[in-house]
2 protein chains.
Amino acid sequence: MITETGSVTIHNVAKVAGVSISTVSRVVNGLGRVAPETRRKVENAIRRLDFHPNSRAQALSRKRTDTIGLIVPDFEGQYFSMLMEGAHEEAQTNGVHIMVIKAKESEAQIEAVSRLCSEGRTDGAILMLSELYDEVLEEIGDINGPLVILDRDVNVWRLDNVLLDNRLGAFEATKHFIDIHRITKMFFVGSSKSNLDTFARAQGFSDALKSIGQDAQGRQFFGNNYSYDEGYRIAEEKIYPLIESQEHYGVVAANDDIACGIIDALMDKGIRVPEQVGITGFDDSDIAIHRRPKITTMHIPTKEIGRLAVRMILNRLADLVSEPTKVVMKARLIVRESCGCGKHNNRISGDKSVQ
Amino acid sequence: MITETGSVTIHNVAKVAGVSISTVSRVVNGLGRVAPETRRKVENAIRRLDFHPNSRAQALSRKRTDTIGLIVPDFEGQYFSMLMEGAHEEAQTNGVHIMVIKAKESEAQIEAVSRLCSEGRTDGAILMLSELYDEVLEEIGDINGPLVILDRDVNVWRLDNVLLDNRLGAFEATKHFIDIHRITKMFFVGSSKSNLDTFARAQGFSDALKSIGQDAQGRQFFGNNYSYDEGYRIAEEKIYPLIESQEHYGVVAANDDIACGIIDALMDKGIRVPEQVGITGFDDSDIAIHRRPKITTMHIPTKEIGRLAVRMILNRLADLVSEPTKVVMKARLIVRESCGCGKHNNRISGDKSVQ
DNA sequence: AAAAATGGTAAAAAGGCTTTTATAGGAATC
DNA sequence: GATTCCTATAAAAGCCTTTTTACCATTTTT
């Protein structure tokens, strides 16, 4: 009955308190009724022995781990930080833990879901799907345990869904140029076309153009990723050659990094930003505010998304909902300087302004 | 013997394969010898039933969870991302998982360690201690399970330690101004004095000043946190008034955000950066390269630290080491533009070239 | 040819908790 | 005063593996 070094079990507590283990269990979990006198004895024993219930045994017995999985393609950037922040906060207040796995490729994603859900390591998982992998959806269809899909609009039975209206977001950014700045010549710069976010944002851009009777044909440029360098390269190679000195332009970038690259590339070419070319980013990341000109961008309620995703899993575990739930969040335009609004302290002295 | 919906257990496999559960276990784990014929039968059954061993039961039986805890004060910034990146990578290749908890205050940290280690949710934990909480060290002294302390130099029996030589890092940054730029008037700007990193970096700054016979007295300024705004405020209120127009200065900032704030504040006041005042950051974060002038900064091998921390825990679990291990990593100077070196496309006009 | 070693498998014993079921002792009922 | 009903607790039955032990049937050794 005596266990090895270190671990003091419910048995030890029971022995010291002079009660049965089931009584100790009831005291620990506050279930069922326990006579005040007995409770006191047990609590003393627990304190004396510094007893901590073994969560592994609890997990086996209760058939749950009080842990939720979070599968993301990437740890970099504010998006992950904020998602984590929201998810952790909601988890924390509900006494559950977060297990994080990075899985970018479809194979790794399937593997991750399996480890978390099929093997029962977590009670549910949040899966961020930013690339177009149908095979993942197929594979996870028959996984047991609640699953929330982020970022990608899925219509699979049993899967909950939180997503951002990227199309509307880009539409609003583009509309800002049209309505406020009276600009009619616009470009869109995104990551790769296979990236779902970029694709949706390109659509929103296109929608806005259609609203003023234009076609997006030839005005959308796609790179390989969401980096500063891609933005710089595309601005230099594709956009700069199209700029005519007497015209005003607007560029809708698919994220803030790209926007920065574009700004620097154009400025390096001597174009006045935002006077001649206004630029908007997307994501409202740190750099959007720490740059001059400060970047006008679309704020994504990422923290809220993380919080909500955890909540949805918790709800499902508590059997509070039956139907698959889909929540679409909206991005919010944050007007700063790079679009042409506001002041832009930076270019005080020798404002390059070539030409 | 038949279990409820969903979960297929080792019993079911045994029954279908017509063998005992121990045989199934041996096949699954590849331990002991199994006749080829038997193995085939078991493998078929596993495939037919889509059996996944229940990790909760494994954890109880094996007395380990194959999970490592990571306790950090904050999810924001590159530091966390990179730490996560390294830790996850090392964990992944060794088949273990990462459970993340945010705990900034000492109470929360103690609680987190307890949940992870005392309750057996993880096999060990990495604890990042960036503030000076002695009570945490006292409390975790008698926790069982390997514990690696990051960032803070501890000399507690049983605790492994990975840290960065912040003092040396700041020393080198300061030395750069002295040796390369021949600057003799320097300032240091940090977060709060109770922040261990800031404190060590301030010391390094002081060391460098001593090496040229100066005293750091009155040249060190401390703010409330590591933010851009604090950098801006301190530069505006404390540093700007001290600047004389004919002199050249160097400012060693305790991180890149502060450095950015300083740069913008001084530029807003009409000071030429880096011509008249050179600035170095610390951390080599994203913004350090996406700003103009690009920020000269100290690169921290964060990913390596994360990787190493996990490795240390794994080693201890495998009983490969006995003595507490302490590893001190070095920061590396990344020379860019803000110190006065290199070109800085931004200020095309008056190329500085300090004296 | 008897004894010992070996190989393959089954049975059973943990592992530490939760939860259901059973059982004592007292209070309430008639 | 015997019967019924509660109540507080104990006992036992899972939860699902791993791992040790035991066993039988072959082989190998002496």
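Order of the sequence lines fixes the chain letters, A, B, ..., with proteins taken first and strands second; residue numbering starts at 1 for each chain.
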Using atom [atom1] of [X] as one end and atom [atom2] of [N] as the other, report the distance to the nearest whole Å.
{"X": "B:E119", "N": "C:dC17", "atom1": "CD", "atom2": "P", "answer": "11 Å"}
{"X": "A:R121", "N": "D:dT17", "atom1": "CZ", "atom2": "P", "answer": "12 Å"}
{"X": "B:H52", "N": "D:dC16", "atom1": "NE2", "atom2": "C1'", "answer": "16 Å"}
{"X": "A:H11", "N": "D:dA10", "atom1": "NE2", "atom2": "P", "answer": "13 Å"}
{"X": "B:I10", "N": "C:dA11", "atom1": "CD1", "atom2": "C1'", "answer": "14 Å"}
{"X": "B:K41", "N": "C:dG8", "atom1": "NZ", "atom2": "C1'", "answer": "12 Å"}
{"X": "B:I46", "N": "D:dC16", "atom1": "CD1", "atom2": "C1'", "answer": "15 Å"}
{"X": "B:R56", "N": "D:dG14", "atom1": "CZ", "atom2": "C1'", "answer": "14 Å"}

**Message:** For C:dT18 and A:Q58 - does any side-chain N or O of the residue sit under 4.0 Å from the phosphate oxygens OP1/OP2?
**Reply:**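 Checking C:dT18 against A:Q58, a side-chain N or O does come within under 4.0 Å of OP1 or OP2.
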**Asked** Under 4.0 Å between a side-chain N/O of B:K63 and OP1 or OP2 of D:dT18, yes or no?
**Response**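 For D:dT18, OP1/OP2 do not have a side-chain N/O of B:K63 under 4.0 Å.
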**Message:** Can you list everything that forms a salt bridge (Lys or Arg N to Asp or Glu O under 4.0 Å) with A:E105? Sequence neighbours excluded, please.
**Reply:**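 Salt bridge (Lys or Arg N to Asp or Glu O under 4.0 Å) list for A:E105, sorted by chain: empty.
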**Prompt:** Among D:dT18, D:dT17, C:dT18, which nucleotide sits nearest the side chain of A:R62?
**Reply:**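 Closest nucleotide to the A:R62 side chain: C:dT18.
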**Message:** Of the options D:dA10, C:dC17, C:dA12, whose atoms approach the side-chain atoms of A:S20 most closely?
**Reply:**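 Side chain of A:S20 sits closest to D:dA10.
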**Item:** Contact letters for nucleotides 21-26 of chain D, in which S counts primed atoms plus P, OP1 and OP2 and B counts the base, heavy atoms under 4.0 Å
**Value:** ------
**Message:** Rounding to 10°, can you tell me the angle the first-five-pair axis of the helix from C:dA1-D:dT30 to C:dC30-D:dG1 makes with its last-five-pair axis?
**Reply:**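 Inter-axis angle at the termini of the helix from C:dA1-D:dT30 to C:dC30-D:dG1: 50°.
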**Request:** Tell me, please, which residues at least two apart from A:E135 pass side-chain hydrogen bond (donor to acceptor under 3.5 Å, both in side chains).
**Result:**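 Per chain and number, A:E135 pairs via side-chain hydrogen bond (donor to acceptor under 3.5 Å, both in side chains) with A:S106.
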**Request:** With sequence neighbours excluded, tell me which residues meet side-chain hydrogen bond (donor to acceptor under 3.5 Å, both in side chains) with A:R152.
**Result:**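 Checked A:R152 against side-chain hydrogen bond (donor to acceptor under 3.5 Å, both in side chains); matches are A:D134.
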**Request:** Determine yes or no for a side-chain-to-main-chain donor-acceptor pair under 3.5 angstrom, with B:S22 supplying the side chain and B:S20 the backbone.
**Result:**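 Here the side-chain-to-backbone pair does not exist.
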**Prompt:** Do any N or O atoms from the side chain of A:D151 and from the backbone of A:M128 form a donor-acceptor pair under 3.5 angstrom?
**Reply:**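 Checking the backbone N and O of A:M128 against the side chain of A:D151, no donor-acceptor pair under 3.5 Å is found.
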**Prompt:** Of the residues in residues 22-35 of chain A, which ones touch DNA chain C at a heavy-atom distance under 4.0 Å?
**Reply:**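 Contacting residues: A:S22, A:S25, A:N29, A:L31.
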**Asked** Can A:E43 and A:R40 be counted as an ion pair, charged N to O under 4.0 angstrom?
**Response**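 Salt bridge between A:E43 and A:R40, a charged N being under 4.0 Å from a carboxylate O: no.
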Identify, with sequence neighbours excluded, every residue that meets side-chain contact (heavy atoms from CB on, under 4.5 Å) alongside [X].
{"X": "B:V16", "answer": "B:A45, B:R48, B:L49"}
{"X": "A:N29", "answer": "A:S25, A:L31, A:Q58, A:R62"}
{"X": "B:N54", "answer": "B:R56, B:A57"}

**Results of ring-ring contact (aromatic ring centres under 6.0 Å, His included) for B:F75 - residues two or more places apart only** =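 Result, ring-ring contact (aromatic ring centres under 6.0 Å, His included) vs B:F75: A:H88, B:F80.
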**Prompt:** What residues form a ring-ring contact (aromatic ring centres under 6.0 Å, His included) with B:H97, not counting sequence neighbours?
**Reply:**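 Here no residue qualifies.
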**Prompt:** With a non-hydrogen cut-off below 4.0 angstrom, is B:G120 in contact with a base, only sugar-phosphate, or nothing?
**Reply:**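 No contact.
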**Prompt:** So which pairs with a foot in residues 120-129 of chain B pass salt bridge (charged side-chain N to carboxylate O under 4.0 Å, His left out), sequence neighbours left out?
**Reply:**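 As it turns out, the salt bridge (charged side-chain N to carboxylate O under 4.0 Å, His left out) pairs with a partner in residues 120-129 of chain B, which skip direct neighbours, are B:E119-B:R121.
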